[in-house]
Structure formats: C-alpha cells, structure tokens
Amino acid sequence: KQEVTQIPAALSVPEGENLVLNCSFTDSAIYNLQWFRQDPGKGLTSLLLIQSSQREQTSGRLNASLDKSSGRSTLYIAASQPGDSATYLCAVEYGNKLVFGAGTILRVKS
Amino acid sequence: SAVISQKPSRDICQRGTSLTIQCQVDSQVTMMFWYRQQPGQSLTLIATANQGSEATYESGFVIDKFPISRPNLTFSTLTVSNMSPEDSSIYLCSVDGPGQGGYSGYTFGSGTRLTVV
C-alpha cells in the first residue's frame, strides 16, 4: 500500500527560525513529489515540484530535497515569517494519482 | 501553471439533496481529478475524469454517489448526491498541466466547502 507520512504533525516556532518538515513514503517507484501549502478552509498552493530524476528544488526561502532510495523528502524553510503559518502537505505521484500525507501544521509566532 | 476556477466556494445543503460543483480550466487538459478533504484529514482522490469516457473511481467511491461529467477538455462537474452530514468536506478539482515554461506539477482549484445539515 502506498502511504505518505509527515512529521511533525504540528510545529510552533518563533519568527526567524529555520525549520525542516519531513515526508516519507513507502513505495519508492514515484513519478514526482510535490509540496503544497494550504491555508485554513482554502485550496492548495503548489510550493515546489521535484521530478523523480531530481534531487532538490529551491524557490526563495524554500528548499526541498528528495531521496527516492530511502523514501524521504524534506522541506526546508529559512528565516520563517508569520505569513508562513499554514498547513504544509507532501504529495507523492504514482501514475497520475497523488497520495497525500496528513500534513504539518506550522505556526510562526511574531 | 493552469488556472482553475471552481464554484461554488461554499454551500450549506439539506440532507437528501444534491450539489453540483463546477471546475473550469483556462487551458485544455486531458485529465481532471476530483479530491475530497474531510474535516481534519488530508486529501483523498475520488475519481479521474477524461473527456469522452466514463470517470474512473477510486476504491470506496461510486458513480451513483459522485457522478462526474466531462463534456470538453476545459470543464468538469462533480455532483454529490443524496447528501448526508458525513459528506461535509472540502471538495477540490485538480489538473496535471504542463504550464508555461515547462512542467509545473498539479494545480488545484480553490475548493468547495460543503456543509450538510
């Protein structure tokens, strides 16, 4: 069964901290891995896409890495800001189907 | 990436009734996907909709409960039929599009927050 796990489930940090969100998946035969952000009651905003042949992607203060062999991805957020407060979802693509983790709820305190 | 317009954004419905959710994409796409997000849960794929063929449903979801239409390459609807309070969720449509400048992964609509009373 294809399962995606995200750790931690929730995280509260002071503004300015660097932080790491973790995602692990049981089936390493992935197409791609995508990180999303979801604000309360809203849809999903794509943050980073890592294709299966890539090891990492960067966008601004965000950096995501992928290690298919160990079934892991990490999302690194540098210099966190209160506006980063949201739920972060990891989604692994298997043949046109996204399997989502349960998410990490992030709160950045000012 | 593609831009998806989803409506309604929210609705409160009586049990036993049906609600149709619409998604319009600003470019032609082969497949459209419908997801459900129950309160406090992550997203679960309901079905994949291809133009000109019947939708493919995931385990636990059936066409009688969630009929889907896909009349053309830019539009799809999901109907939630004979609703009960357990259907209260956020429903989202998604596409896997190339986007400008290369492949950009999946894009999601803004979601429909459904409350069944």
Side-chain angles (χ1 to χ4, degrees), chain A residues 1-10 21-25 30-54 56-59 62 64 66 73 75 86-106, chain B residues 1-11 21 23 25 29-50 55-61 88-99 101-115:
Chain A
K1 183 180 179 183
Q2 296 160 339
E3 295 182 343
V4 178
T5 303
Q6 290 187 246
I7 294 173
L21 308 182
N22 297 289
C23 172
S24 62
F25 44 93
I30 72 171
Y31 279 33
N32 303 303
L33 186 145
Q34 199 164 352
W35 283 92
F36 294 90
R37 166 187 173 138
Q38 185 176 32
D39 293 286
K42 304 294 185 182
L44 276 63
T45 300
S46 179
L47 298 174
L48 288 167
L49 167 72
I50 309 179
Q51 300 190 51
S52 60
S53 59
Q54 299 173 328
E56 69 176 330
Q57 283 289 326
T58 298
S59 176
L62 305 179
L66 172 64
S73 176
L75 178 66
T87 297
Y88 290 79
L89 295 167
C90 170
V92 180
E93 182 183 4
Y94 297 102
N96 287 128
K97 173 182 176 179
L98 289 181
V99 178
F100 283 84
T104 294
I105 301 172
L106 173 64
Chain B
S1 59
V3 176
I4 304 174
S5 298
Q6 182 174 345
K7 58 182 181 181
S9 59
R10 58 177 59 218
D11 207 341
I21 302 167
C23 271
V25 189
V29 293
T30 303
M31 290 184 283
M32 294 181 72
F33 307 89
W34 288 96
Y35 286 82
R36 181 177 73 180
Q37 185 176 31
Q38 294 178 298
Q41 310 271 327
S42 194
L43 282 76
T44 302
L45 180 65
I46 297 172
T48 302
N50 291 309
T56 302
Y57 289 82
E58 296 296 306
S59 176
F61 298 96
S88 297
S89 298
I90 298 175
Y91 293 86
L92 302 104
C93 61
S94 174
V95 300
D96 176 21
Y103 182 65
S104 58
Y106 287 77
T107 302
F108 282 78
S110 54
T112 297
R113 179 184 284 269
L114 170 62
T115 302

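Every chain is numbered from 1 and lettered A, B, ... according to where its sequence line falls, protein lines coming before strand lines.
One distance of note links CD of Q38(A) with CG of L43(B); it measures 6.5 Å at 0.5 Å rounding. Within the model, atoms CG of L44(A) and OH of Y106(B) stand 13.5 Å from one another, a figure rounded to the nearest 0.5 Å.
Looking only at distances, no side-chain donor or acceptor of S46(A) sits under 3.5 Å from a matching main-chain atom of T107(B).
Heavy atoms of Q6(A) lying under 4.5 Å from chain B are absent altogether. Using a 4.5 Å cut-off between heavy atoms, F36(A) touches chain B through its side chain atoms alone. When heavy atoms are compared at a cutoff of 4.5 Å, Q6(B) does not approach chain A at all. Contacts of K42(A) with chain B are made by backbone atoms alone, with heavy-atom separations under 4.5 Å and no side-chain atom involved.
Partners of Q41(B) under the side-chain contact (heavy atoms from CB on, under 4.5 Å) rule, at least two apart in sequence or in another chain, are Q38(B). Applying the side-chain contact (heavy atoms from CB on, under 4.5 Å) test to Y94(A) and every residue at least two apart in sequence or in another chain returns Q2(A), F25(A), D27(A), I30(A), V92(A), V99(A).
Side-chain contact between F108(B) and L98(A) is present, with at least one heavy-atom pair separated by less than 4.5 Å.
S42(B) approaches A102(A) most closely through the heavy-atom pair CB-CA, 3.7 Å.
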